[in-house]
Asker: 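Please find one structure pasted underneath; my questions will follow.
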Protein chains: 2
Amino acid sequence: MTTVSRALNGYDDVSETTRARVIDAAQAAGYRPNPVARRLALGRAEAIGLVLPRSVGDFVDPFFTELLRGMASVFEDANLDLIVTAAPEGPAELRVYRRLVEGRRVDGLIVARTRSHDERIEYLLDQDFPFVCHGRTGSDRPHAYLDMDNEGGFLEATQRLIGLGHRRIALINAPMNLAFAQARLIGYERAHADAGIEIDRTILCESDLNEESGHDIANRLLDFDEPPTAMLCASDFTALGVMRAVKARGLEIGVDVSIIGYDDIPLAQYADPPLTTMHQQIHRGGARVAEMLLARLAGTPPEDLQEVWPPRLVSRATDGPAKPIKTPQEFVEATT
Amino acid sequence: MTTVSRALNGYDDVSETTRARVIDAAQAAGYRPNPVARRLALGRAEAIGLVLPRSVGDFVDPFFTELLRGMASVFEDANLDLIVTAAPEGPAELRVYRRLVEGRRVDGLIVARTRSHDERIEYLLDQDFPFVCHGRTGSDRPHAYLDMDNEGGFLEATQRLIGLGHRRIALINAPMNLAFAQARLIGYERAHADAGIEIDRTILCESDLNEESGHDIANRLLDFDEPPTAMLCASDFTALGVMRAVKARGLEIGVDVSIIGYDDIPLAQYADPPLTTMHQQIHRGGARVAEMLLARLAGTPPEDLQEVWPPRLVSRATDGPAKPIKTPQEFVEATT
DNA sequence: TTTTCTTACCAAAGGGTTTTGGTAGAAATA
DNA sequence: TATTTCTACCAAAACCCTTTGGTAAGAAAA
């Protein structure tokens with residue numbers, strides 16, 4: 001039995017002739033090692049967990065399918081099962097994590113959609129349990145993560161709008177408990193500070209990342225006496241909702257109001273007009289996060305597993321030069 | 001040990017006092033049963049598998065996240081792990097299934113996006129392995145499935161368009177190897193046969209279920225000498241592409257060309273104009289498929305686990321009465 | 001020739017459950 | 001009172017691997 005086990009698992013203290021005999025015999029007998037027995041003997045679950053956020057009611061953005069598919073093949077090649085569960089944010093979520101960790105059902109976890117104060121992460125750190133985050137968190141204890149440079153992305157997008165002459169740029173952010181929303185706000189603020197522009201806090205909003213909330217928020221903003229000339233959105237779906245609201249008022253997108261989205265969903269390029277947005281490599285990010293977790297399990301310290309990837313601004317047709325603002329002073333200045 | 005096991009697993013031959021003592025002691029000692037040891041003793045994997053199709057390159061439709069979330073909670077309540085992998089259609093796909101089945105990594109499988117001739121299903125039937133399909137297949141051997149009534153759905157949609165006076169209705173179907181594409185074609189054909197309308201086979205097309213291919217096909221159709229007055233689409237994304245093509249030519253949607261989609265993605269209601277489409281309860285379908293698999297594992301014969309759910313036509317603004325067709329005869333008829 | 005090292009293999013223990021096949025005692029029945 | 005049934009509990013076997021701690025034989029070094 002020993003030799004069979006070692007032959008099948010590629011140990012080097014079994015001669016190639018013996019190994020071949022074992023493999024042939026296994027083949028002939030239709031023998032397949034029992035993974036469960038293997039796991040018991042090894043003391044490992046040979047599985048990785050991923051908990052999908054179960055947001056209220058409707059479709060999750062395609063983000064997770066994409067991330068999932070990126071990870072799946074990496075784990076499959078490493079002979080690890082990927083266990084997927086779903087939990088609504090809140091106490092039930094942490095219970096799911098506990099079940100996976102304390103029930104020894106997984107060897108490691110991927111934590112997606114991190115929050116700025118994230119009890120999942122504190123819990124996993126307390127337990128000294130291997131995990132990799134997709135997105136950062138506020139915790140100052142070292143842990144592995146792959147994050148998109150949300151701050152840099154929004155810095156760049158904001159700078160672009162400022163460069164086009166916009167001075168009243170609304171920020172339609174994601175819910176502020178999400179880590180990336182905070183980072184994006186900072187990028188937005190930095191761009192303003194660098195340009196010496198004061199921010200009007202009344203045009204800073206939070207959306208639910210879907211079309212409808214983008215639409216509603218845009219309508220509110222457009223009702224202002226002095227509406228923003230540009231809107232920077234947390235997701236492409238939000239941006240699509242904003243576009244719908246802008247169009248409904250007979251305003252021209254990219255002329256009267258500039259809009260920039262985030263994610264570069266496939267639909268973005270086919271929107272009318274095509275949406276300027278930030279592209280992230282979600283699929284490759286998923287694969288990379290999986291690789292990082294593999295490294296973590298192999299003993300790489302978390303400090304060495306921290307990456308930040310830059311998003312890429314995809315310039316299309318929803319942003320354009322700001323129209324001259326019609327405040328009295330500027331009107332006077334412009335006409336003299 | 002025996003009593004502890006039986007107490008913790010809810011057997012009825014242990015007194016409630018003993019059970020309480022066991023539970024208290026377990027709590028105090030921080031004892032948690034080892035699921036891997038349990039699986040070995042039970043001879044079960046306590047896991048269910050789902051293989052995502054890895055279509056070329058880009059985002060999968062949100063369909064799968066939705067299905068996944070529907071299933072996840074059912075399996076979690078049943079103490080089963082849901083193992084997700086991804087495989088491209090083709091020989092690699094079957095290899096993934098074999099690994100899961102023959103490697104005894106799962107107790108049952110969910111097979112989604114069935115094809116009319118589906119070697120996965122033949123394989124699982126050959127192996128006498130428990131599974132439930134989401135969608136039907138051509139196999140005449142009994143097996144469990146939950147399917148949407150694609151034939152009925154397209155029958156209804158086609159009848160609606162015929163009722164609006166349309167006589168040249170293009171069918172922009174899904175790839176014909178998918179089971180639901182065949183069913184939809186049949187529904188489409190039946191509606192025509194019932195109304196005594198001959199079908200022009202040149203306006204029957206296959207799309208890739210995404211925006212772009214809908215756009216391209218619509219453009220081809222609109223180049224015809226006698227273009228169709230209505231287009232029935234395999235998915236909402238396809239329909240959005242069709243809408244883009246129609247708008248680009250200055251035609252009015254719902255007036256010059258009627259369009260009906262399928263899926264009722266959240267964006268459908270916010271499209272311009274809002275898209276008429278078929279709604280399916282994907283989330284609830286996922287939960288139901290999971291329940292059916294549980295029943296299957298408990299011994300319910302597959303014949304008793306076959307359900308067909310009707311989709312619901314959601315009437316919005318992309319379909320309208322057909323414009324009078326300007327063929328010579330009809331022109332004469334109309335003017336006399 | 002003797003000793004040491006290396007290679008190739010193996011027996012037994014260990015991992016943590018559940019199930020099988022019981023037993024003992026109390027309660028119900030004859 | 002004698003017998004049967006039921007309830008509550010338990011010891012040992014079984015599940016199928018991997019690891020530990022060897023041994024034997026051949027090759028290399030002394």
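Keep in mind that the numbers below use all heavy atoms, side chains included, and drop hydrogens, waters and symmetry copies. Chain naming here is simple, since letters A, B, ... match the order of the sequence lines and numbering starts at 1 in each.
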Asker: Taking atom types as modelled, find out whether R39(A) and N34(A) have a side-chain donor-acceptor pair closer than 3.5 angstrom.
Answerer: no
Asker: Any sub-3.5 Å donor-acceptor pair from D263(B)'s side-chain atoms to I265(B)'s backbone N or O?
Answerer: no
Asker: What is the distance, to the nearest angstrom, from the CG atom on L40(A) to the P atom on dA13(C)?
Answerer: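 So the two atoms are 17 Å apart, to the nearest Å.
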Asker: Could you state the CZ-C1' distance from R104(A) to dG16(C), rounded to the nearest angstrom?
Answerer: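 Those two atoms, CZ and C1', are 9 Å apart.
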Asker: Distance check needed: dT17(C) P versus R39(B) CZ, whole Å only.
Answerer: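 Answer to the nearest Å: 13 Å.
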Asker: When you match R38(A) and D12(B) each to their closest nucleotide on DNA chain D, which lands nearer the 5' end?
Answerer: D12(B)
Asker: Roughly, in whole Å, what's the span from CG in D13(A) to P in dC5(C)?
Answerer: 19 Å
Asker: dG16(C), OP1 or OP2 - any side-chain N/O from Y31(B) closer than 4.0 Å?
Answerer: no
Asker: Go nucleotide by nucleotide along DNA chain D from the 5' end; which of A41(A) and A37(B) gets its closest nucleotide reached first?
Answerer: A37(B)
Asker: In this structure, are over 12 heavy atoms from other groups packed under 6.0 Å from Q27(B) atom CD?
Answerer: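 Not buried by this count: 12 neighbours or fewer within 6.0 Å.
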Asker: Which of these nucleotides, dA8(C), dT19(C), dT18(C), is closest to any side-chain atom of T2(B)?
Answerer: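 The answer is dT19(C), which lies nearest to the side chain.
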Asker: Could you tell me the boundaries of the chain A footprint on DNA chain D, defined by atoms under 4.0 Å from its heavy atoms?
Answerer: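 The contacted stretch runs from dC16(D) to dT20(D).
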Asker: Would you please say whether a donor-acceptor pair under 3.5 Å links the side chains of N177(A) and E89(A)?
Answerer: yes
Asker: How close or far is atom C1' of dT19(C) from atom CG of N9(B), stated in whole angstroms?
Answerer: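 Computing the N9(B):CG to dT19(C):C1' distance gives 12 Å.
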Asker: Need one value for N34(B): base, sugar-phosphate or nothing, where a base atom within 4.0 Å counts as base even if backbone is also close, heavy atoms only.
Answerer: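 Counting heavy atoms under 4.0 Å across all strands, the contact made by N34(B) is with sugar-phosphate only.
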Asker: Is the distance from OP1 or OP2 of dA8(C) to the nearest side-chain N or O of T3(A) less than 4.0 Å?
Answerer: no
Asker: Rounding to an integer number of Å, can you tell me how far R6(A) CZ sits from dA12(C) C1'?
Answerer: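 In whole Å, dA12(C) C1' and R6(A) CZ are 15 Å from each other.
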Asker: Is a donor from one side chain sitting under 3.5 angstrom from an acceptor on the other, for N150(B) and R136(B)?
Answerer: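 The criterion, which ignores hydrogens and geometry beyond distance, is not satisfied for R136(B) and N150(B).
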Asker: Could you tell me whether R32(B) contacts a base, only the sugar-phosphate backbone, or nothing, with contacts defined as non-hydrogen atoms closer than 4.0 Å?
Answerer: sugar-phosphate
Asker: Ignoring hydrogens and angles, state whether a donor on the side chain of S15(B) or T17(B) is under 3.5 Å from an acceptor on the partner side chain.
Answerer: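 A donor-acceptor contact under 3.5 Å links the two side chains.
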Asker: Is it true that atom CZ of R21(B) has more than 12 heavy atoms of other residues, nucleotides or ligands lying nearer than 6.0 Å?
Answerer: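 Not more than 12 within 6.0 Å, no.
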